[in-house]
Amino acid sequence: MTLNIGVVGTGWFSKVHGDILAETEGVRVAAACGTSMEKANALASRYPGAKGYDSLTAMLDSERLDAVYLCIPPMSHEGVETELIARGVPFLVEKPLGVNLDGPRRILEQLRQSPVMTSVGYHFRYKQSVAQLKELLQGQTIGMALGAWMGSMPGVGWWRKQEGSGGQFIEQTTHLVDLLRYTAGEVEEVYAAYGDRIVKGQHEGVTVPDVGTVTLKLSSGAIANISNTCVLPGAVGEIGLSFYTEQGILAWDPDKLEVKNNGVSTSYSSTDNPYAAETAAFIHAVRTGDASRIRSDYADAVRTQAVTCAALESSLSGKPVSVPAM
């Protein structure tokens with residue numbers, strides 16, 4: 001049986017997911033929904049037989065969709081997941097879940113009352129290097145972890161607005177927060193310091209901080225620090241998360257995992273496509289009802305959202321903030 005999938009959003013990630021879906025056996029992209037018919041039709045034209053819509057309701061009324069991919073900015077979730085839950089339509093949603101915790105909390109409660117299959121786009125969880133990292137950490141005691149997401153400011157206007165993106169730690173660095181949770185366990189408390197150093201003088205209308213550092217206390221007793229900035233020029237950047245244990249250092253970045261134990265350094269390269277693995281897991285779940293391959297569902301992703309939002313709260317208050325239970 002062929003599964004018919006709808007895509008909401010018409011940006012770069014919509015094309016990434018749509019192209020993978022189009023290459024997946026037994027799957028077709030049946031519809032695309034955008035903020036205008038022009039954008040929707042442009043995306044739909046990539047996929048044979050797909051139709052464009054400028055309304056989620058119209059798309060759902062007109063199509064018999066087996067699942068929907070949500071590739072929309074953080075500020076654009078109002079009512080979207082609620083409509084899918086009400087209709088019993090499974091969905092994969094890109095991170096973050098919103099600009100704050102209020103909306104995701106409401107959606108989580110709706111899912112608890114009316115469950116549907118969900119997946120959230122924390123694609124690093126699907127990398128082979130992360131599975132290897134997780135396995136190597138078993139049996140070791142993590143003393144601390146250090147992470148960094150250092151880059152430039154994305155060109156889209158909504159990203160530069162606090163009410164649009166939630167800021168870099170919520171919109172971007174959330175990947176490292178999620179990876180920390182996935183490999184080292186839950187976060188209980190955070191203390192954050194954010195600042196404005198450069199980008200407000202370079203661009204008009206910027207309301208997000210451009211530097212930040214967050215200290216995280218984990219339930220295990222380990223501590224971590226994750227820092228980020230968007231002040232760098234476009235060709236310069238650094239993304240990674242390192243763990244320090246009694247056996248040595250495990251340093252992960254999106255391209256490799258390096259392990260340093262007792263003076264011996266071993267490097268493992270990683271060229272797999274985690275987006276393809278993510279879609280394979282979700283499509284398998286939609287087709288069979290077996291969600292065991294999904295590595296981040298909505299309920300789990302809300303816990304990552306809670307950490308990043310607690311960090312924003314701490315940066316504003318200047319005080320440590322406990323991460324609420326979800």
Side-chain angles (χ1 to χ4, degrees), residues 5-11 13-14 17 31 33-35 53 55-61 63 65-123 125 158-159 161-167 169-175 177-178 181-182 186-187 278-279 281-283 285-286 289 291 293-313 321 323-326:
I5 311 298
V7 178
V8 179
T10 56
F13 262 118
S14 299
H17 286 300
C33 180
T35 55
Y53 297 89
S55 160
L56 174 64
T57 301
M59 182 178 78
L60 296 174
D61 285 344
E63 304 283 343
L65 298 177
D66 297 290
V68 169
Y69 275 55
L70 301 177
C71 308
I72 54 181
M75 74 288 185
S76 299
H77 288 264
E78 185 66 34
V80 177
E81 289 91 339
T82 297
E83 184 69 21
L84 295 171
I85 294 167
R87 294 174 184 249
V89 180
F91 60 88
L92 184 151
V93 55
E94 267 302 335
K95 44 51 62 189
L97 302 179
V99 296
N100 54 41
L101 193 54
D102 295 340
R105 268 180 164 160
R106 289 194 298 270
I107 293 165
L108 180 59
E109 183 57 34
Q110 292 165 15
L111 284 167
R112 286 170 173 164
Q113 294 178 10
S114 304
V116 299
M117 194 72 69
T118 63
S119 179
V120 179
Y122 284 110
H123 65 286
R125 291 192 179 207
W158 58 261
W159 200 95
K161 304 286 189 181
Q162 185 64 38
E163 68 273 18
S165 67
F169 203 76
I170 286 175
E171 202 286 326
Q172 202 171 55
T173 315
T174 183
H175 278 300
V177 174
D178 187 75
R181 286 188 53 247
Y182 186 58
E186 296 300 338
V187 178
E278 179 182 61
T279 274
F282 180 61
I283 292 301
V286 172
R293 300 183 191 178
I294 294 175
R295 297 180 184 173
S296 177
D297 63 9
Y298 199 92
D300 188 88
V302 170
R303 292 198 284 273
T304 296
Q305 185 84 6
V307 177
T308 59
C309 290
L312 176 60
E313 181 182 345
V321 172
V323 178
M326 291 291 102

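Quantities reported herein were computed from a predicted structural model and do not represent experimental measurements. Just so it is clear, the values below take in all heavy atoms, side chains as well, and ignore hydrogens, waters and symmetry mates. Numbering of residues begins at 1 and proceeds along the displayed sequence.
Shortest non-hydrogen contact noted between V8 and S14 is O-OG, 4.2 Å. The shortest non-hydrogen separation linking R293 to A281 is O-CB, 3.4 Å. Residues M117 and A285 come closest through the heavy atom pair CE-O, 3.6 Å. Between S165 and I170, the closest heavy-atom pair is O-CG2, 3.9 Å. A pairwise comparison of heavy atoms in L97 and Q305 identifies N-OE1, 3.4 Å as the closest pair. T308 approaches F169 most closely through the heavy-atom pair CG2-O, 3.7 Å.
Under the 3.5 Å distance criterion, the side-chain polar atoms of S114 are left unmatched by any main-chain donor or acceptor of I85. Panel note: side chain K95, backbone E171; a donor-acceptor pair is recorded below 3.5 Å.
For the side chain to side chain donor-acceptor pair (under 3.5 Å) test, residues two or more places apart in sequence or in another chain that qualify with E83 are R87. Residues meeting the side chain to side chain donor-acceptor pair (under 3.5 Å) test with T10, sequence neighbours left out: none. A search for ring-ring contact (aromatic ring centres under 6.0 Å, His included) contacts involving H175 returns Y122, H123, F124, W149, not counting sequence neighbours. Every residue meeting the side chain to side chain contact (heavy atoms under 4.5 Å, CB included) condition with A67, not counting sequence neighbours, appears here in chain and number order: I5, P90, F282, V286. Every residue was checked against the side chain to side chain donor-acceptor pair (under 3.5 Å) condition with S55, not counting sequence neighbours, and none meets it.
Within the 4.5 Å cutoff, no side-chain heavy atoms of V68 are placed close to those of L92. L111 places a side-chain heavy atom less than 4.5 Å from the side chain of T118. Within the 4.5 Å cutoff, the side chain of V7 has no heavy atoms near those of the H17 side chain. Taking 4.5 Å as the limit, every side-chain heavy atom of P73 sits out of range of all side-chain heavy atoms of W159.
Taking CG of L101 as the reference point, atom CG of L312 lies at 11.0 Å (rounded to 0.5 Å). Distance check: Y298 OH to I107 CD1 gives 3.5 Å after rounding to the nearest 0.5 Å. Distance CG/N100 to CE/M75: 13.5 Å, rounded to 0.5 Å. With values rounded to the nearest 0.5 angstrom, E186 atom CD is found 4.0 Å from R181 atom CZ.
Salt bridge status for D300 with R295: absent, with no side-chain N to carboxylate O gap under 4.0 Å. Under a 4.0 Å N-O distance rule, the pair E278/R125 does not qualify as a salt bridge.
With 3.5 Å as the limit, one finds no donor-acceptor pair spanning the side chains of Y69 and E94.
Within the structure, salt bridge (Lys or Arg N to Asp or Glu O under 4.0 Å) pairs that include any residue of residues 104-118 do not occur (at least two apart or interchain).
Just one residue in the list L70, V93, I294, V302 forms a side-chain contact (heavy atoms from CB on, under 4.5 Å) with V120, and that residue is V93.
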| said: I'd like to know whether V80 forms a side-chain contact (heavy atoms from CB on, under 4.5 Å) with L56, so could you lay out the CA-CA distance, the side-chain angles of the two residues, the decisive distance to 0.1 Å, and finally the verdict. | reply: CA-CA 8 Å; V80 177; L56 174 64; 3.9 Å; yes

| field | side-chain contact (heavy atoms from CB on, under 4.5 Å) evaluation trace for V99 with E163 | value | CA-CA 7 Å; V99 296; E163 68 273 18; over 6 Å; no

| side-chain contact (heavy atoms from CB on, under 4.5 Å) evaluation trace for D297 with S119 | CA-CA 4 Å; D297 63 9; S119 179; over 6 Å; no

